[in-house]
Amino acid sequence: TRTTRPQRLLQAVSINAVRGDPDSVIKAIDHFCKHTEWAMNVGDEKGAILDLVVMETCPSTVLELGTYCGYSTVRITRLLPPATKLITVEMNPEYAHVARQVIQHAGLQDKVCVLEGESADLIPKMANMFGIQAFDFVFLDHWKDHYLPDIRLLEDCGLLAQGSVVLADNVVCPGAPDYLNYVRYNLKYSSRFYQAHLEYTRVLDGLERSEYQGD
Ligand SMILES: O=C(NCCCCc1cc2cnccc2s1)c1cc(-c2ccc(F)cc2)cc(O)c1O
Ligand SMILES: [Mg+2]
């Protein structure tokens, strides 16, 4: 049977990226998506904004919802100090398997836990599973209509603390209007929009950075 797009992306990484070098993995994926086959990674333009927000947050606990092939996982984890942990959730087992290999090629497997399942099922179990209180940084990049229910679930599970930063991809394209309305007009959040473009295209998109103000 034909290979899948994630498998073709992984092959491009294994051929073109230097094992143990996260930046070469990022460059190999961006090159593949620009010149061979579009894929729904956050990409280089929005990725640079993601890098800046991660660096200014200096998180020690990170949650990513929507791993796909691990591109943003590698982008975030390469910026984290050694003792930090990133938990990333992917519901598609085939994507998760590819992501683990991409993350391993980057040499970051010891700092990342790739969980398979749906966010709504896994979020309530995370505090016990990982012995954490709150996430310092959350990257939302899964089903766009799950951003709102899942940020509310994170609040209800006490997994957001004062100063926690939630960064959401695709708030313009495909869009997450109910989520934007919630974080922009709710006093529990201080929110700002970063205008950009849909990965590897000229279509408008953007990221929303929302800082939790505490209960
Ligand atoms: O759908 C997108 N990402 C989500 C798919 C992951 C599904 C999951 C659900 C789930 C539930 N629980 C835990 C983990 C997970 S992972 C997506 C789509 C586009 C896009 C596609 C076509 C187009 F024309 C224009 C934009 C661009 C993007 O940057 C995206 O991120
Ligand atoms: Mg996205």
Side-chain angles (χ1 to χ4, degrees), residues 4-10 26 29-30 32-34 36-54 62-77 86-100 102-103 112-127 129-130 135 137-154 156-157 159 165-180 183 193-210:
T4 64
R5 183 171 308 186
Q7 285 169 334
R8 294 191 292 273
L9 182 148
L10 172 62
I26 292 164
I29 293 172
D30 285 332
F32 175 79
C33 292
K34 283 175 187 169
T36 308
E37 204 170 349
W38 186 91
M40 62 179 170
N41 316 116
V42 73
D44 49 346
E45 185 194 20
K46 291 188 287 179
I49 299 165
L50 170 61
D51 289 355
L52 286 174
V53 176
V54 170
V62 178
L63 173 65
E64 174 181 62
L65 300 179
T67 317
Y68 190 43
C69 297
Y71 175 90
S72 50
T73 319
V74 168
R75 280 206 86 111
I76 297 167
T77 309
L86 181 143
I87 299 157
T88 183
V89 186
E90 176 54 52
M91 56 152 277
N92 179 317
E94 195 255 317
Y95 293 176
H97 181 56
V98 166
R100 288 192 185 94
V102 168
I103 293 159
V112 175
C113 173
V114 180
L115 286 185
E116 290 177 40
E118 293 206 23
S119 47
D121 302 335
L122 290 169
I123 287 170
K125 301 169 184 166
M126 285 184 183
M129 268 167 143
F130 298 98
F135 288 110
F137 184 82
V138 179
F139 183 53
L140 302 178
D141 196 19
H142 62 325
W143 285 320
K144 308 316 161 193
D145 58 356
H146 282 226
Y147 285 12
L148 180 52
D150 284 352
I151 196 168
R152 283 192 149 125
L153 187 54
L154 285 166
D156 297 345
C157 295
L159 287 167
V165 171
V166 183
L167 188 67
D169 188 27
N170 310 116
V171 296
V172 175
C173 175
D178 56 344
Y179 172 80
L180 278 189
V183 291
F193 176 66
Y194 296 85
Q195 175 91 55
H197 298 87
L198 177 69
E199 48 267 26
Y200 319 114
T201 77
R202 298 155 67 104
V203 172
L204 284 181
D205 190 15
L207 300 164
E208 188 82 4
R209 177 195 184 277
S210 307

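In what follows, residues are counted from 1 in the order of the sequence shown. Both counts, for ligands and for their atoms, begin at 1 and track the order of listing.
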> Backbone or side chain, does any N or O of W143 fall under 3.5 Å from an N or O of ligand 1?
Replying inline: no

>> Here's a test for you: under side-chain contact (heavy atoms from CB on, under 4.5 Å), which of I123, I151, T88, D141 qualifies with L65?
In response: I123

>> I need the nearest protein heavy-atom contact for atom 12 (N) of ligand 1: residue, atom name and distance, please.
In response: S119 N, 3.0 Å

> Does K144 use its side chain to pair, donor to acceptor, with the backbone of H142 at less than 3.5 Å?
Replying inline: yes

>> So, 4.0 Å and heavy atoms of H146: is ligand 1 close enough to count as a contact?
In response: no

> For G43, does its backbone N or O pair with a side-chain atom of Y71 as donor and acceptor, under 3.5 Å?
Replying inline: yes

> Looking only at heavy atoms, which two atoms of V203 and C173 are closest? And how far apart?
Replying inline: CG1-SG, 4.1 Å

> If you measure from each non-hydrogen atom of T67 to ligand 1, which part falls under 4.0 Å: side chain, backbone, both or neither?
Replying inline: neither

>> Using 2.8 Å as the threshold, say whether any N, O or S atom from N170 sits that close to the Mg ion (ligand 2).
In response: yes

>> I'd like to know whether ligand 1 has A120 as a neighbour, heavy-atom separation below 4.0 Å.
In response: no

> Taking R100 for the side chain and V114 for the main chain, is one N or O donor matched with an acceptor at less than 3.5 Å?
Replying inline: yes

>> Has Y147 got a side-chain atom pairing as donor or acceptor with L140's backbone, closer than 3.5 angstrom?
In response: yes

>> Looking only at protein heavy atoms, which one is nearest to atom 31 (O) of ligand 1, and what is the separation?
In response: D141 OD1, 2.8 Å

> Can you find a protein heavy atom closer to atom 4 (C) of ligand 1 than 4.0 Å?
Replying inline: yes

> Got a donor-acceptor contact below 3.5 angstrom from the D205 side chain to the V172 backbone?
Replying inline: yes

> Any donor and acceptor pair, going by atom type alone, linking the side chain of E45 with main-chain N or O of H197 inside 3.5 Å?
Replying inline: yes

>> Under 3.5 Å between any N/O of E118 and any N/O of ligand 1: does that happen in this structure?
In response: no

>> Treating Q195 as the side-chain partner and G206 as the backbone partner, does any N or O pair qualify as donor plus acceptor under 3.5 Å?
In response: no

> Less than 4.0 Å between atom 29 (O) of ligand 1 and some protein heavy atom, yes or no?
Replying inline: yes

>> Checking the N or O distance criterion of under 3.5 Å, is ligand 1 in contact with N170?
In response: yes

> Looking at side-chain heavy atoms only, is the closest gap between S210 and Y179 below 4.5 Å?
Replying inline: yes

>> Minimum distance, heavy atoms only, to atom 8 (C) of ligand 1: which one of E199, M91, K144, K46 is it?
In response: M91

> OD1 (D141) to the Mg ion (ligand 2) to OD2 (D169): angle, nearest 10 degrees?
Replying inline: 100°

> Using 4.0 Å as the upper bound for N to carboxylate O, is an ion pair formed by R75 and E64?
Replying inline: no

>> Less than 4.5 Å apart, side chain to side chain, heavy atoms only: is that true for V89 and L63?
In response: yes

>> I need the contact type for L198 against ligand 1. Using non-hydrogen atoms and a strict under-4.0 Å cut-off, is it side chain, backbone, both or neither?
In response: side chain

> Which heavy atom of the protein is the closest neighbour of atom 14 (C) of ligand 1, given with residue, atom name and distance?
Replying inline: V89 O, 3.4 Å

> For atom 6 (C) of ligand 1, what is the nearest protein heavy atom, given as residue, atom name and distance?
Replying inline: H142 CA, 4.3 Å

> Of all the atoms in ligand 1, which lie at a distance below 4.0 Å from a heavy atom belonging to P174?
Replying inline: 18 (C), 19 (C), 20 (C), 26 (C)

>> Need the ligand 1 atom indices (1-based, order shown) with element for anything under 4.0 Å from a heavy-atom of W38.
In response: 20 (C), 21 (C)

>> List ligand 1 atoms under 4.0 Å from D169, heavy atoms only on the residue side.
In response: 29 (O)

